[in-house]
Amino acid sequence: MAGEEPRVAGRKQQKLHGRAFYESIGSPKLVLAPMVQQSEFAWRMLTRSFMPPSSSPNALLAYTPMLHSRMFVDTPKYRDAHFQPLKSGAVPSPPDPHRASQFGPSELHLDGNPQLDRPLFVQFCSNSPDDLLLAAQHVQPFCDAVDLNLGCPQGIARRGHYGAFLQEDWDTIHNLISRLHADLEVPVTAKMRVLETPEKTLKYAKMILSAGASIITVHGRRREQKGHNTGLADWSMLRYLRENLPRDTVIFANGNILQHGDIARCLKETGADGVMSAEANLCDPSIFAGPPPIGEEGREYWRATADVGGYRVDAVMRRYLDIVYKHVLQSPIPPRQPLFIPADKEYLGAMEPNVSEALDPDERKKRKEPYANSDDADEGTAVKKMRKKQKKSTDPNLTAMQAHLFNLLRPLVGTHHDVRDALAKCRAGDMTAFEGVLGMVEARVKEGILDYEENSGAVPTLLESYPQPSPTGCESSIAAVQRCKRPWWVCQSYVRPLPKEALEKGSMTLGKKDKERARLEGEKSEVGSSSNKSSETIGAGETEAESVGQNVAHG
């Protein structure tokens, strides 16, 4: 937690539980989700950087990416590459619970640094109580809690028997949580998915809480809801849990968050204590902060009307690179010219030198390969050989950069393929290449804003590839697209087509089990509708229309 001394292995502290623990870290209502190779320190810092100065330092709780407990324990290279709390680069291995070691401020580095990165939960996947405890003991001096992943629906989780594929193995889950609750110095929490029925989900949540979990995060989608079959999260399940679990239970809601305004609506409709965002945060890391006051936009925020606006992608990319320079590489931030705004008349008709160079592939190559056109061919060859011998970066803050920027720049690279191609060629740790992409992005954003101004504020459409809503009111993602669309130079959430739309477009096919389930449900629906067909049709239409008003996103 910001401003606090880091927890130290061996120094026995009072261990809080449940709501008392939640209140001790500031009762955060905003939660940055654990995302595999996507919620690393630099991205957490970028997300935290948008929180207004008036907000509490503890307003945003963040999770690390999911870590594999067995690999964390058995493989020092994996551990040191994925968790960097100390400048020495090595997490104590193994930490002695009886050794009173003090980590001074000068020794602290990135993950869990109390001046930068708190409150912080570290998430592990595991199916072994012994491995999970040992892994958790490594990180407990540098975090506020350890979280158990019970939500990962991917094939690798099925093969490894962890994440959402433990949800039939309640004994194992209970043993994992109870072991940490008994033997760890920090609380244990868990992130789960809903099951087939509200009653079974409630029983599942009660088991997790009875094992010792202080907080449960509930993703309102079932295990099979992923990819094109993601669909909508079921907030009614979360409301059911809220109304049937003890009132002091701390619940975080996850799912259906596309914009900042959805957070308050989710809190109201689910009764949750906090709201977690994953995919929407990857597209817009400012999602937790909301827009600045009218008239205080500065150069980073673009506003069309009081209700339509967003942070510019060039501004957010700048912030991100600057955080990498300052904290990860610990090197000076390159000098930068102010971001362009239409009021800068002196910019009109002239391109900034660094941007024009970035747009020129030959010039960019010269900057990357200083001896490429030199008369000294031997020296140029030596430089190329040196680059080939450079070790591939394993720093999670550097290896994640390309993926983050593709998410952030999704609308822009869909329009400007030269930026897409340049970003695709970037390699982890090659900041010169990323600077080149930044220059291209800044130039394209400038062009977009000027074109917008010259065309009397006509916002480019983003709806061409989406199906139009049916006149019968069947569910469609079109309403969410219309609500979220912004010009391509503004951060905005990606709206997934609903499963029905994915089937119609041919991007998803049903398996044998799904086809049989659909057939049985169809027969059941026909039998049930024969007695009161008209009233059920009206009710279904109302439900589907209401679903359109919810957001369509995974996370």
Side-chain angles (χ1 to χ4, degrees), residues 37-38 40-43 45-46 49 81 84 110 285 300 312-340 347 350-410 412-413 416-447 489:
Q37 299 179 348
Q38 295 281 273
E40 77 292 339
F41 171 84
W43 193 258
M45 283 292 293
L46 176 65
S49 74
Q84 303 169 333
L110 302 180
E300 291 190 317
R312 293 165 41 169
V313 293
D314 56 344
V316 177
M317 185 175 176
R318 269 197 186 192
R319 279 203 193 197
Y320 182 37
L321 295 189
D322 289 353
I323 287 170
V324 172
Y325 281 121
K326 180 179 179 180
H327 296 288
V328 179
L329 300 176
Q330 296 189 328
S331 64
I333 297 172
R336 306 189 189 282
Q337 296 184 16
L339 290 168
F340 169 80
Y347 283 76
M351 192 72 75
E352 301 90 296
N354 63 319
V355 174
S356 60
E357 289 179 7
L359 290 173
D360 184 344
D362 292 332
E363 184 62 34
R364 181 165 164 260
K365 185 175 182 180
K366 290 178 186 178
R367 294 173 63 191
K368 287 189 65 178
E369 303 286 359
Y371 301 107
N373 296 318
S374 171
D375 293 334
D376 193 342
D378 292 337
E379 194 168 12
T381 302
V383 170
K384 292 179 181 180
K385 288 182 177 180
M386 179 186 69
R387 286 185 176 275
K388 288 182 179 180
K389 290 182 179 180
Q390 286 180 343
K391 292 183 178 179
K392 183 179 179 180
S393 176
T394 59
D395 188 306
N397 298 286
L398 301 180
T399 57
M401 288 181 66
Q402 186 186 62
H404 276 309
L405 291 174
F406 268 118
N407 280 314
L408 179 69
L409 302 175
R410 182 194 295 266
L412 185 147
V413 298
H416 298 289
H417 295 172
D418 58 333
V419 180
R420 178 198 63 192
D421 295 343
L423 181 56
K425 295 176 182 178
C426 292
R427 296 295 176 261
D430 187 351
M431 297 303 291
T432 301
F434 285 111
E435 284 290 327
V437 174
L438 174 61
M440 298 175 74
V441 169
E442 290 176 354
R444 295 295 180 248
V445 171
K446 173 184 174 180
E447 293 170 3
W489 61 83

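What you see is a predicted model; the values in this text were computed from it and never measured. Along the sequence shown, residues carry numbers from 1.
The shortest non-hydrogen separation linking V437 to C426 is CG2-SG, 3.7 Å. Considering every non-hydrogen atom in both T399 and A428, the closest pair reads CA-CB, 3.9 Å. Looking at every heavy atom in both residues, H327 comes nearest to L110 through O-CD2, 3.4 Å. Summarising the geometry of Q37 relative to A400, their closest heavy-atom pair is O-CB, 3.5 Å, with the distance given to 0.1 Å. Of all non-hydrogen atoms in D314 and L438, the two that sit nearest each other are O-CD1, 3.9 Å. Closest approach of L408 to P285, counting heavy atoms only: CD1-CD, 4.0 Å.
Looking at R336 and E435, a side-chain N of the basic residue comes within less than 4.0 Å of a carboxylate O on the acidic one, giving a salt bridge.
Atom NZ of K326 is separated from atom CG of L321 by 15.0 Å, given to the nearest 0.5 angstrom. Here the CH2 atom belonging to W489 is positioned 9.5 Å from the NE2 atom belonging to H416, to the nearest 0.5 angstrom. Rounded to the nearest 0.5 angstrom, L398 CG and F434 CZ are separated by 8.5 Å. Residue I323 holds its CD1 atom at 4.5 Å from CG of L46, rounded to the nearest 0.5 Å.
No side-chain heavy atom of R427 sits less than 4.5 Å from a side-chain heavy atom of M401. At a threshold of 4.5 Å between non-hydrogen side-chain atoms, the residues R420 and F406 count as touching. Between M317 and R312 there is no side-chain heavy-atom pair separated by less than 4.5 Å. Residues Q84 and D395 meet the side-chain proximity criterion, which asks for heavy atoms closer than 4.5 Å. Looking at L412 and V445, their side chains come closer than 4.5 Å, going by heavy atoms from C-beta outward. For the pair S331/M431, no side-chain contact is recorded, criterion being any heavy-atom separation below 4.5 Å from C-beta on.
By the 30° and 60° cut-offs, the orientation of the rings of Y320 relative to W43 is perpendicular.
Checking side-chain atoms of N397 against main-chain N and O of V328 turns up no donor-acceptor pair under 3.5 Å. No donor-acceptor pair under 3.5 Å is formed between the side chain of Q38 and the backbone N or O of H404.
Residues satisfying the salt bridge (charged side-chain N to carboxylate O under 4.0 Å, His left out) test with D421, not counting sequence neighbours, are none.
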- Can R319 and E300 be said to form a salt bridge (Lys or Arg N to Asp or Glu O under 4.0 Å), step by step? CA-CA 10 Å; R319 279 203 193 197; E300 291 190 317; 2.7 Å; yes
